[in-house]
2 protein chains.
Amino acid sequence: MLVTVDLASALPLFEQLVAGIRAQIIAGELRAGERLPAARELAASLELNVHTVLRAYQVLRDEGFIDLRRGRGAVVAHRAGDYAQLGREIDRVVVEARKLGLTPNALTALIRKAFE
Amino acid sequence: MLVTVDLASALPLFEQLVAGIRAQIIAGELRAGERLPAARELAASLELNVHTVLRAYQVLRDEGFIDLRRGRGAVVAHRAGDYAQLGREIDRVVVEARKLGLTPNALTALIRKAFE
DNA sequence: TACTTGTTCTAGCTGAACTAGATCAAGTAG
DNA sequence: CTACTTGATCTAGTTCAGCTAGAACAAGTA
C-alpha cells in the first residue's frame with residue numbers, strides 16, 4: 001500500500017492519511033477483506049507517531065471504510081455501492097469550477113453548504 | 001446582507017464568513033458593484049473582532065470576489081461566468097455521494113484530490 | 001504462554017485562530 | 001484644507017487542535 005504524507009501541507013497529517021487510504025479503497029486499489037499495515041508499522045515507515053495513524057484508522061472506521069479489531073488489525077470493510085458514477089460526477093463539477101476560476105477551497109465550501 | 005456565524009463550528013470564523021458571503025455572491029443575492037458593510041461595522045454586528053472580518057475580506061479579494069480599497073470599503077467585483085450550471089453539477093454530485101453514504105468530509109476530500 | 005495490535009490515558013510542545021489596541025495610509029465628504 | 005471613513009499593518013496575549021511521546025491495558029492470534 002502506497003501512502004505519502006506532506007509535512008508542509010495545510011491539511012492535518014491524519015487527514016492526509018485518511019484521504020489517501022479512502023481514495024484507494026474507493027478506486028478499488030484496496031479490496032474488501034484486504035488488510036492494512038499495523039498502525040505501529042505504518043507509523044514507522046512514514047516516520048509519524050502511532051497516535052496519528054490510529055486516529056486516521058478510527059476516522060476510516062467511523063466512515064465505514066475499514067474494520068478495526070485488536071490483535072487482528074485493520075481490514076477493508078465490505079461496502080455496497082458503485083463509485084464509478086461518483087467519479088464521473090466529480091470530474092464534471094471540477095471542470096465546471098475550473099472554468100469559473102474557483103479555488104479548491106471555494107468549491108469545497110460550496111459543496112459543503114449544498115450537503116447540509 | 002445576512003451572514004451568521006457559529007462559534008461551536010469546527011470551521012474557523014473567518015472561513016464561515018468567507019463561505020457565507022461567497023455563496024451569496026454566487027447565488028446573485030449580492031450583485032457586482034454592491035457594497036459590503038465596513039469591516040468594523042460587520043464585526044460589531046456579529047460580535048467578532050475586526051481582524052477576523054478583515055481576514056475574511058482579504059480571502060474574498062484573493063479569490064476575486066470583491067475589491068478592497070481604503071476609505072471606500074469592500075465592493076462586489078465584476079466576475080465573468082454563469083454559476084447556474086455549477087449549481088446543478090454540485091447538486092448531482094451531492095446526491096450521488098449521499099446515495100453512497102459518504103460523509104461531507106469524505107466527499108470534499110475526494111474533490112480536492114480530483115482538483116489537483 | 002508469548003506475541004500482535006488496537007484502545008486508552010497522561011503529558012508536553014507548537015502553530016493557527018482569535019482577540020485587543022494602536023497606528024498608518026488611501027479615499028471620501030464637508 | 002480639514003475631518004471622517006475605512007482598509008492595512010504591527011505587536012501581543014490567550015486558547016485550542018494537532019502532533020509527539022511513553023506507558024499500561026485488552027482482545028485476538030500462534
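Owing to the predicted nature of the structure, the values given are computational and were not obtained by experimental measurement. All chains are named by letter (A, B, ...) in the order of the sequence lines, taking the proteins before the strands, and each is independently numbered beginning at 1.
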_Counting primed atoms plus P, OP1 and OP2 as sugar-phosphate and everything else as base, spell out the protein contacts along nucleotides 25-30 of chain C at 4.0 Å heavy-atom distance: B, S or - for each nucleotide, 5' to 3'._
BBS---

*Give every residue pair that meets the salt bridge (charged side-chain N to carboxylate O under 4.0 Å, His left out) criterion with at least one member in residues 99-116 of chain A, sequence neighbours excluded.*
E96(A)-K99(A)

*For R92(A), which residues count as a salt bridge (Lys or Arg N to Asp or Glu O under 4.0 Å) partner, sequence neighbours excluded?*
E89(B)

*Axis-to-axis angle across the helix from dT1(C)-dA30(D) to dG30(C)-dC1(D), five pairs an end, to 10 degrees?*
30°

*Verify whether one side chain among Q85(B) and R88(B) offers a donor that lies under 3.5 Å from an acceptor in the other.*
yes

_Filter on salt bridge (charged side-chain N to carboxylate O under 4.0 Å, His left out), then keep only pairs touching residues 8-21 of chain A, sequence neighbours left out; what's left?_
none

*Sorted by first residue and then second, give each side chain to side chain donor-acceptor pair (under 3.5 Å) pair with at least one member in residues 23-47 of chain B; sequence neighbours left out.*
none

*So what does A74(A) hit on the nucleic acid, given a heavy-atom distance under 4.0 Å: a base, only sugar-phosphate, or nothing?*
sugar-phosphate

_Selection: residues 32-44 of chain A, any non-hydrogen atom under 4.0 Å of DNA chain D_ = R40(A)

_I25(A): partners by side-chain contact (heavy atoms from CB on, under 4.5 Å), with sequence neighbours left out_ = I21(A), L30(A), F65(A), I66(A), V76(A)

_Set of side-chain contact (heavy atoms from CB on, under 4.5 Å) partners for D82(A), sequence neighbours left out_ = A84(A)

*Which nucleotide of DNA chain D is the first, and which the last, in the 5' to 3' direction, to come under 4.0 Å of a heavy atom belonging to chain A?*
dG18(D) to dG28(D)

_Considering only residues two or more places apart or on different chains, which pairs with a residue in residues 61-81 of chain A satisfy salt bridge (charged side-chain N to carboxylate O under 4.0 Å, His left out)?_
R22(A)-E63(A)

_DNA chain C contacts made by residues 45-67 of chain A, counting heavy atoms under 4.0 Å_ = H51(A), L54(A), Q58(A), R61(A)

